[in-house]
Amino acid sequence: MFRILVVEDDARLNRVLCAHLGRSGYEAVGCLDANAAYDALYGGTWFDLVISDIMLPGTDGFELARTIRAQNRELPILFLSARDDFPAKREGFAAGIDDYMVKPADLEELLLRIGALLRRAGIAASRRLEVGALCLDADERTAYLRGEEVPLTVREFSLLYKLLACPRRTFTRSQLMDEFWESGGSGPRTVDVYITKLRSKFAACEDFEIVTVHGLGYKAVLK
């Protein structure tokens, strides 16, 4: 699963972007300022792409981009900013960014641009995840067990893909709710219903197990 860093100081927009990316098969990590972004980037976690605003508290997006580019010449950077003036775009590209979108941005167009940037970086040749006899194709949103398709809803597929892409990592019910459900209208126990459905649909698969971590949530364990 590709991991995207979202640097946006508007907390609500940050959550919306991360949730949409999560529902689209990416793992998104949100930061509210450049210092938090530096901690995420250089704290041992690998990122495949950075989305950043320009107007950030403290260090702005231009300086963030210059710092990232000085450390990593290949990491794609996309600016998502309310500024629509040519000087801002010129400074952004001079700082080393790869693409620029103006707010409010169409989220489906954002996904198209992310896909193009990842392909351009040479890291998106395939978004297939294979676990023994199970194959998940994130582009088709389909699951195949021993060559036979297992029908899944978009949300079921996204949950399974996330768990299997990070085996043995525990995700709380709240984390999964925030990523795959719109705010309001559902409680954390809704996740339990979907996990039960996934366990039933993949009962014949002996290559992984979705384990309940009592008091927290769930994790996938490969066998």
Side-chain angles (χ1 to χ4, degrees), residues 1-124 158 162 165-166 169 171-172 174-180 182-183:
M1 179 180 290
F2 299 114
R3 186 177 293 115
I4 298 176
L5 181 65
V6 178
V7 191
E8 167 60 60
D9 64 324
D10 182 323
R12 181 181 177 281
L13 178 56
N14 198 312
R15 289 193 298 271
V16 168
L17 290 171
C18 288
H20 187 70
L21 291 170
R23 289 192 296 270
S24 303
Y26 298 103
E27 180 178 353
V29 175
C31 292
L32 299 177
D33 56 42
N35 286 334
Y38 292 142
D39 290 341
L41 284 165
Y42 307 122
T45 300
W46 175 265
F47 288 93
D48 299 296
L49 184 141
V50 175
I51 299 173
S52 178
D53 193 3
I54 292 176
M55 295 176 285
L56 299 170
T59 302
D60 64 20
F62 298 125
E63 184 59 30
L64 173 64
R66 282 190 286 267
T67 301
I68 293 173
R69 192 54 73 227
Q71 300 288 330
N72 188 324
R73 296 175 60 87
E74 307 299 330
L75 179 62
I77 304 171
L78 185 154
F79 269 179
L80 182 59
S81 173
R83 292 188 58 175
D84 193 17
D85 56 290
F86 180 74
K89 296 175 183 178
R90 179 175 56 199
E91 185 172 355
F93 284 106
I97 70 168
D98 300 278
D99 203 353
Y100 193 114
M101 292 186 71
V102 177
K103 299 176 184 175
D106 182 272
L107 294 182
E108 294 308 309
E109 181 182 350
L110 177 63
L111 292 177
L112 293 176
R113 291 180 182 242
I114 287 171
L117 288 173
L118 291 173
R119 286 193 298 273
R120 204 174 301 155
I123 59 177
S158 297
K162 185 173 186 68
C166 305
R169 175 177 170 182
F171 293 96
T172 68
S174 295
Q175 285 176 317
L176 297 172
M177 285 295 300
D178 288 344
E179 187 159 336
F180 299 119
E182 300 295 338
S183 59

Where [X] and [Y] come nearest, the two heavy atoms and their spacing:
X	Y	result
A40	L5	CB-CD1, 4.0 Å
S158	F180	CB-CE2, 3.5 Å
F93	D99	CE2-N, 4.0 Å
K162	F171	CE-CE2, 3.4 Å
D60	I54	CB-O, 3.4 Å
D33	P57	CB-CG, 3.9 Å

Validation row: H20, L110 side chains within 4.5 angstrom (heavy atoms): no

Close side-chain approach of Y26 to L111, heavy-atom, < 4.5 Å: yes

To the nearest 0.5 Å, what is the distance between [atom1] on [X] and [atom2] on [Y]?
X	Y	atom1	atom2	answer
R83	K103	CZ	NZ	12.0 Å
I51	F79	CD1	CZ	12.0 Å
Q71	L41	CD	CG	10.0 Å
E8	L80	CD	CG	7.0 Å

Check whether [X] reaches the backbone of [Y] with its side chain - one donor and one acceptor, N or O, closer than 3.5 Å.
X	Y	value
D98	I77	yes
Q175	T172	yes
D53	L56	no
R69	G96	yes
R3	V29	no

Member of D48, I114, L49 meeting the side chain to side chain contact (heavy atoms under 4.5 Å, CB included) criterion with F2: D48

Heavy-atom neighbours of E109 CD exceed 12 at 6.0 Å: yes

